[in-house]
Asks: 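Sharing a structure, written as structure tokens. Questions coming.
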Amino acid sequence: MKPTSPISVDLHHPVRTLSDRVAYGTTRVLRFFADTLFAKRYGNRAIVLETVAAVPGMVGGALLHLRCLRWMLDDKGWIRTLLSEADNERMHLMTFMEIARPSWFERMMVLVAQALFFTFYLLLYLVSSRTAHRLVGYFEEEAVVSYTRYLEEIDAGRIDNVPAPLIAIEYWKLSPDARLREVVIAVREDEAGHRDVNHAIAGQQGHSVPATETL
């Protein structure tokens, strides 16, 4: 068995402010629903959650782009970072679509969840971009934990370590004989990166990032 990549699974941004409490409380509620609906069906969980995870980067990138145009400010490279994050999450979805085929019910959940979350996140970002980025940071903390548990299930033999889809091999430049385990490790590394980026943006408090702070 190959060793896993060194990822800080237990990394957690402390909850200090009202903004943090709103973001963390929302994350825990959504985590409860995900655990209730999917339990240890991690492939199917990934399909539904990655459709939601791809929303924040696109919303944040678009709104930051417009804000920088209005105020004629430099974005410090954050627009490209956020849009790249959205595209990366989309590739996660396309990968897991090849691994765990969603049922009609899960496809309906995707439609409803994306519509609701897009509306919620757009309004939250308009009210407080700091809270929105902190929310994504906490989301990604949970994603790292979920993918770590996914790896544990694979290592224990409770989930088949199937061959990696071609789309994953090409995207992450994996070896031709890569398996699901290598894919999950690559995805988990991506999520850890998104976690750190969004906590960093939230921590700027509007100094380096032209963001609106309300909460």
Side-chain angles (χ1 to χ4, degrees), residues 1-13 34 38 40-62 64-65 75-102 106-107 110 114 117 133 136-201:
M1 182 179 66
K2 296 179 181 179
T4 57
S5 301
I7 293 293
S8 300
V9 177
D10 297 327
L11 191 152
H12 171 63
H13 184 277
F38 298 105
K40 293 186 178 182
R41 296 167 56 237
Y42 290 105
N44 299 79
R45 176 198 293 247
I47 288 174
V48 175
L49 297 185
E50 293 294 356
T51 63
V52 171
V55 169
M58 187 61 65
V59 171
L64 182 55
H65 172 68
D75 73 309
K76 308 296 183 182
W78 289 120
I79 293 174
R80 185 180 298 275
T81 297
L82 292 173
L83 294 181
S84 294
E85 176 183 308
D87 187 60
N88 178 251
E89 298 286 11
R90 182 183 62 83
M91 291 304 298
H92 293 176
L93 170 65
M94 300 305 294
T95 295
F96 284 107
M97 284 287 291
E98 297 292 325
I99 295 170
R101 301 292 182 177
E106 287 163 344
R107 289 179 181 272
V110 165
Q114 188 181 84
F117 186 72
H133 284 293
V136 177
Y138 287 135
F139 276 5
E140 300 295 8
E141 289 181 7
E142 297 292 343
V144 170
V145 172
S146 291
Y147 283 115
T148 297
R149 291 176 180 171
Y150 197 172
L151 282 173
E152 291 171 354
E153 293 295 302
I154 295 171
D155 291 343
R158 289 186 288 268
I159 294 178
D160 291 338
N161 191 22
V162 298
L166 180 60
I167 188 174
I169 292 173
E170 293 178 344
Y171 182 71
W172 283 288
K173 296 179 173 56
L174 304 175
S175 64
D177 61 345
R179 315 289 291 188
L180 174 59
R181 190 175 194 278
E182 284 74 32
V183 174
V184 174
I185 289 173
V187 172
R188 187 179 64 167
E189 289 177 349
D190 290 345
E191 303 293 16
H194 301 328
R195 173 197 66 194
D196 298 342
V197 165
N198 279 276
H199 278 320
I201 296 176

Asks: Tell me if the CZ atom of R80 is crowded by more than 12 foreign heavy atoms within 6.0 Å.
Replies: no
Asks: Within the side chain of N161, is there an N or O that forms a donor-acceptor pair under 3.5 Å with the backbone of R179?
Replies: no
Asks: Determine the minimum heavy-atom distance between P102 and I47, stating which atoms define it.
Replies: CD-CD1, 3.8 Å
Asks: Can you tell me if D160 has over 12 outside heavy atoms packed within less than 6.0 Å of its CG?
Replies: no
Asks: Could you report the tightest heavy-atom contact between A100 and G43, atom names first, then the distance?
Replies: CB-C, 3.7 Å
Asks: Identify the two heavy atoms, one from V197 and one from T81, that lie closest to each other, and give their separation to 0.1 Å.
Replies: CG1-CG2, 3.8 Å
Asks: Below 30° counts as parallel, above 60° as perpendicular, anything between as tilted: where do the rings of F96 and Y147 land?
Replies: parallel
Asks: Using every non-hydrogen atom in the two residues, find where Y138 and H12 come nearest and quote the distance to one decimal.
Replies: CE2-CE1, 3.6 Å
Asks: Whether the H194 and D190 side chains hold a donor-acceptor pair (N or O, under 3.5 Å, no angle test) is what I'd like checked.
Replies: no
Asks: Please assess I169 against E182 for the test side-chain contact (heavy atoms from CB on, under 4.5 Å), listing each intermediate value before the final yes or no.
Replies: CA-CA 9 Å; I169 292 173; E182 284 74 32; over 6 Å; no
Asks: For G61 and I79, work out which heavy atoms get closest and say how close.
Replies: O-CG2, 4.0 Å
Asks: Between the side chains of H199 and E141, is a donor N or O closer than 3.5 angstrom to an acceptor N or O?
Replies: yes
